[in-house]
Chemist: 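My questions all concern the structure below.
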Amino acid sequence: MIRFHNTLGGRTEDFVPMEPGRVRLYACGPTVYDFPHIGNWRANVFEDLLKRFLIYRGFQVVHVQNITDVDDKTIKGARARGLSLDDYTRPYIEAFFAERDALNIRPADHYPRATGHIPEMVGIVKALLDKGFAYRKDGSIYFAIDRFPAYGRLSRVNLEDRRPGSRGDADEYEKESVHDFALWKAPKADEPVWETEIGPGRPGWHIECSAMSAKYLGPSFDIHCGGVDNIFPHHENEIAQSEAANGVKFVNYWLHCHHLVVDGQKMAKSKGNFYRLADILARGYDPLDVRVLLLSTHYRKMLNFTFEALDQAVTARRRIGDFLGELGAVPAGAAGDAAVGPLVEAARAGFVAGLEDDLNIAEALAALFTLIKSVNPLLVEGRVSRAGADVLAAFVEEADAVLGFKPSPTHKASGRIDARSEVMGTAEVLKAEDQARIDERQRARAAKDFARSDAIRRELLERGIILEDTKDGVRWKRVAPQKP
RNA sequence: GGCGCGGUACCCAAGUGGCUAAGGGAGAGGUCUGCAAAACCUCUAUCCGUCGGUUCGAGUCCGACCCGCGCCUCCA
């Protein structure tokens, strides 16, 4: 049984989808006023793990992620550059998708944009007006939270105890109560305006998620994710709007990802500890190493991003690739007496049990590494059969359907090593010139010209190729290019 | 002030009442090797922020305290 910690109720609960075998998932997506940073990616990687695990356990997942392309910040940014909203947000949307792919995050089924769903939002606002949950004031429309008694259940706050933030009321609109929030904002100079049946204006921040989730998932669905900072007010307001308008429970399970900090501090441009994915890749890291780091801390724990931790992720991930390489090197006819079946079964059990327990990734990874640790000695002794190696490689593949960060294995370069990387779906070929250098090095080694041999090895390392000499021949693996 | 999270080895990080406290990284010694790398073997927390308490038994439950952090209408 899969269990998730539900923010609504604050307890870990058995997960039972509304429809057997089918999960409807909504994740709060980017506000495209800037390029995403690694904190955004942490939340997306967590959602990807959740989704992949549900799929791995046999669920069909319908995944929707919104793109907020109209709000205070996008409007302000577009105006500052003299661009249309569309032209302003386009590069950020493109960057979001490109980095998503680099991090091996599986695409959602729908990426609805706020600007493309104004009629749906208007429909909800209209329903809220008709039912008396909303009121008009100076051309804007507000949600009256005192007419929705369940308000505050998600974030568990009493509004009386709540102290207004230091920034005060940023809305600059008049409301009946300070806690009421805008559903629809009156037209202002230099702001985009939509002419609608509830009047001219533009949507408030929260209404898009209520409108778009209902359109693609229905008024009631299984899981809603986001960062902890969205719990209040964003998700609280979504619940109020959706449930008041539709009269049914909005979401059964709320899963929130904790923040990422850098060197123990909140990321801020002014502190110089603000990183985007591109900043990290520019230092020579593989995006999948970043994925390992973002994934390897439990999603409800604060993740402290440091380059030391990233380096540890690089090495840990490489160990998996080396293991795949060792499995690939087991000769075609190898017999071997080791019973790997029970080892794989134990690893699978631990892997699944960990993830079923509110996505306990540490336990799941430990199961995988424990398998590697117990099989490597058997490989050294030549006790793993070719068939056994295939079973082991298939399990790594299976786990990677959830983890999504499998490194490329080591490959045969020359000699008798039987590289089976094709079997693992990670076939890679060396450029002819690199292969020629390896052959040249082999000749130098045979002639005991070790100075020449070592020079060539260093040269290839600078191009991101590690060479390893084994008694069965030379093998290579791909790494980030090393500075000389 | 309100709500919430966390403090487990040199670093990261599981474990939440009971055999010898997972796993990864780093380090030390050894095997293999021309050297290196990988892999293997051995070692690296009598102790889980502090102090009390409950219990036959506690990182694991209770209380107090100390420290770090997040949110409280921009924020994943």
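Worth knowing before you read on, the calculation uses all heavy atoms, side chains too, and leaves out hydrogens, waters and symmetry mates. Bear in mind that the values here come from a model prediction, so they are computed numbers and not experimental data. Lettering follows sequence order; numbering is per chain, from 1.
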Chemist: Tell me the interatomic distance from A/His298, atom NE2, to B/rG15, atom C1', rounded to whole angstroms.
Modeler: 13 Å
Chemist: Nearest whole angstrom, please: distance from the P of B/rG70 to the OH of A/Tyr299.
Modeler: 21 Å
Chemist: Distance check, P atoms only: B/rU8 and B/rU55, in whole angstrom units.
Modeler: 29 Å
Chemist: May I have the distance from A/Arg457 (atom CZ) to B/rA38 (atom P), rounded to whole angstrom?
Modeler: 12 Å
Chemist: Students often get this wrong, so: under 4.0 angstrom with heavy atoms, is A/His234 touching a base, only sugar-phosphate, or nothing?
Modeler: nothing
Chemist: Check every strand shown and say whether A/Asn360 touches a base, only sugar-phosphate, or nothing at a heavy-atom separation below 4.0 Å.
Modeler: sugar-phosphate
Chemist: Would you please confirm or rule out a distance under 4.0 Å between OP1 or OP2 of B/rA39 and any side-chain N or O of A/Asn376?
Modeler: no
Chemist: 5'-most contact on RNA chain B: A/Gly264 or A/Leu260, nearest heavy atom basis?
Modeler: A/Gly264
Chemist: Would you say that A/Tyr33 contacts A/Lys76 through its side chain, given a criterion of any heavy-atom pair below 4.5 Å between the two side chains?
Modeler: no
Chemist: If the C1' atom of B/rA14 is compared with that of B/rA22, how far apart are they to the nearest Å?
Modeler: 6 Å
Chemist: Do A/Asp69 and A/Tyr88 have side-chain N/O donor and acceptor atoms under 3.5 Å apart?
Modeler: no
Chemist: Does one side chain, of A/Gln265 or A/Asn273, offer a donor that lies under 3.5 Å from an acceptor on the other?
Modeler: no
Chemist: Pair A/Tyr135, A/Phe143 - check ring pair (Phe, Tyr, Trp, His ring centres under 6.0 Å), show working.
Modeler: CA-CA 7 Å; A/Tyr135 60 90; A/Phe143 187 93; 9.3 Å; no
Chemist: With a 4.5 Å cut-off on side-chain heavy atoms, are A/His224 and A/Ser213 touching?
Modeler: no
Chemist: Under 4.0 angstrom, heavy atoms only, what part of the nucleic acid is A/Leu379 near: base, sugar-phosphate, or nothing?
Modeler: nothing
Chemist: Answer yes or no for this row: A/Phe450 ring on B/rG34 base, centroids under 5.5 Å, planes under 30°.
Modeler: yes
Chemist: Where each pair must be Watson-Crick or G-U wobble with both distances under 3.5 Å, what dot-bracket representation of RNA chain B is obtained, with crossing pairs in [ ] and other-strand partners as |?
Modeler: ((((((((.[[[..)..(....]]].(((((.......))))).....[[[[[..)....]]]]])))))))....
Chemist: May I ask you to say what A/Arg445 touches in the nucleic acid, namely base, sugar-phosphate or nothing, with a heavy-atom cut-off under 4.0 Å?
Modeler: base
Chemist: When all nucleic acid strands are considered with a 4.0 Å heavy-atom cut-off, which category describes A/Asp454: base, sugar-phosphate, or nothing?
Modeler: base
Chemist: Should the ring pair A/Tyr111 and A/Phe97 be called parallel, tilted or perpendicular, given that the plane angle runs from 0 to 90° and is split at 30 and 60?
Modeler: perpendicular
Chemist: In whole angstrom, what separates A/Tyr142's OH from B/rU73's C1'?
Modeler: 13 Å
Chemist: Given the P atoms of B/rA38 and B/rG25, what is the spacing between them in whole Å?
Modeler: 10 Å
Chemist: Looking for any heavy atom pair under 4.0 Å, which part of the strands does A/Lys373 touch: base, sugar-phosphate only, or nothing?
Modeler: sugar-phosphate
Chemist: Judged by each residue's nearest nucleotide on RNA chain B, which is more toward the 5′ side, A/Asn237 or A/Ile38?
Modeler: A/Asn237
Chemist: For atom C1', what is the distance between B/rG6 and B/rU44, given to the nearest Å?
Modeler: 26 Å
Chemist: I'd like the C1' distance from B/rC32 over to B/rG68, given in whole Å.
Modeler: 46 Å
Chemist: From the list B/rA38, B/rG24, B/rG70, which nucleotide is the closest neighbour of the side chain of A/Phe369?
Modeler: B/rG24
Chemist: To the nearest Å, how far apart are A/Asp263 CG and B/rC12 P?
Modeler: 12 Å
Chemist: Answer yes or no: side-chain N or O of A/Arg475 and base N or O of B/rA38 forming a donor-acceptor pair under 3.5 Å.
Modeler: no
Chemist: Regarding B/rC11, can its base be found pairing with the side chain of A/Gln312 as donor and acceptor, where the two atoms are less than 3.5 Å apart?
Modeler: yes
Chemist: Got a donor-acceptor contact below 3.5 angstrom from the A/Arg317 side chain to the A/Leu293 backbone?
Modeler: no
Chemist: Establish, from distance only, whether the side-chain atoms of A/Thr68 and A/Asn66 form a donor-acceptor pair under 3.5 Å.
Modeler: yes
Chemist: Heavy atoms from C-beta onward define the side chain here; which of B/rA38, B/rG70, B/rU73 lies closest to that of A/Pro233?
Modeler: B/rU73
Chemist: In whole Å, what separates the C1' atom of B/rG59 from that of B/rA45?
Modeler: 12 Å
Chemist: Does a salt bridge link A/Arg348 with A/Glu345, judged by any charged N lying under 4.0 Å from a carboxylate O?
Modeler: yes
Chemist: A/Arg153 CZ to B/rC3 P: how many Å, rounded?
Modeler: 18 Å
Chemist: Side chain of A/Ile466, heavy atoms from C-beta onward: which of B/rA37, B/rC40, B/rC72 has the nearest atom to it?
Modeler: B/rA37
Chemist: Have a look at B/rG57 and give me syn or anti from its glycosidic angle (syn if within 90° of zero).
Modeler: anti
Chemist: Which part of the nucleic acid, if any, lies within reach of A/Arg441 when heavy atoms closer than 4.0 Å are counted: base, sugar-phosphate only, or nothing?
Modeler: base
Chemist: Kindly say if A/Lys301 contacts the phosphate of B/rA14, meaning a side-chain N or O under 4.0 Å from OP1 or OP2.
Modeler: yes
Chemist: Tell me what A/Thr297 touches on the nucleic acid: a base, only sugar-phosphate, or nothing, going by heavy atoms under 4.0 Å.
Modeler: sugar-phosphate
Chemist: Report yes if at least one side-chain N or O of A/Arg319 is closer than 4.0 Å to OP1 or OP2 of B/rA39; otherwise report no.
Modeler: yes
Chemist: Any N or O donor-acceptor pair linking the side chain of A/Arg300 to the base of B/rC5 at under 3.5 Å?
Modeler: no
Chemist: At 4.0 Å (heavy atoms only), tell me whether A/Gly226 reaches a base, stays on the sugar-phosphate, or touches nothing.
Modeler: sugar-phosphate
Chemist: When you get a sec, tell me which of B/rA13, B/rA76, B/rG34 is the closest nucleotide to the side chain of A/Ala362?
Modeler: B/rA13
Chemist: Is A/Asp180 reaching over with its side chain to a backbone N or O of A/Tyr142, donor-acceptor style, under 3.5 angstrom?
Modeler: no
Chemist: Among B/rA38, B/rA76, B/rA14, which nucleotide has an atom closest to any side-chain atom of A/Lys477?
Modeler: B/rA38
Chemist: Would you mind classifying the nucleic acid contact of A/Ala309 as base, sugar-phosphate or nothing, using non-hydrogen atoms under 4.0 angstrom?
Modeler: nothing
Chemist: For nucleotides B/rC3 and B/rU20, find the distance between their P atoms and express it as a whole number of Å.
Modeler: 41 Å
Chemist: Counting distance alone, no hydrogens or angles: does the base of B/rC35 have a donor or acceptor under 3.5 Å from a partner atom on the side chain of A/Asp469?
Modeler: yes
Chemist: Of all the nucleotides listed (B/rG23, B/rA13, B/rA38), which has the minimum atom distance to the side chain of A/Thr370?
Modeler: B/rG23
Chemist: What integer number of Å spans the P atoms of B/rC66 and B/rU54?
Modeler: 23 Å
Chemist: From C-beta outward on A/Glu308, which listed nucleotide comes closest to its side chain: B/rA38, B/rG24, B/rC11?
Modeler: B/rC11
Chemist: Give a yes or no on whether the backbone of A/Ala114 and the side-chain of A/Glu208 come within a donor-acceptor separation of less than 3.5 Å.
Modeler: no
Chemist: Could you tell me how far apart A/Glu326 (CD) and B/rA37 (C1') are, to the nearest whole angstrom?
Modeler: 11 Å
Chemist: Among B/rA39, B/rA76, B/rA14, which nucleotide has an atom closest to any side-chain atom of A/Thr31?
Modeler: B/rA76
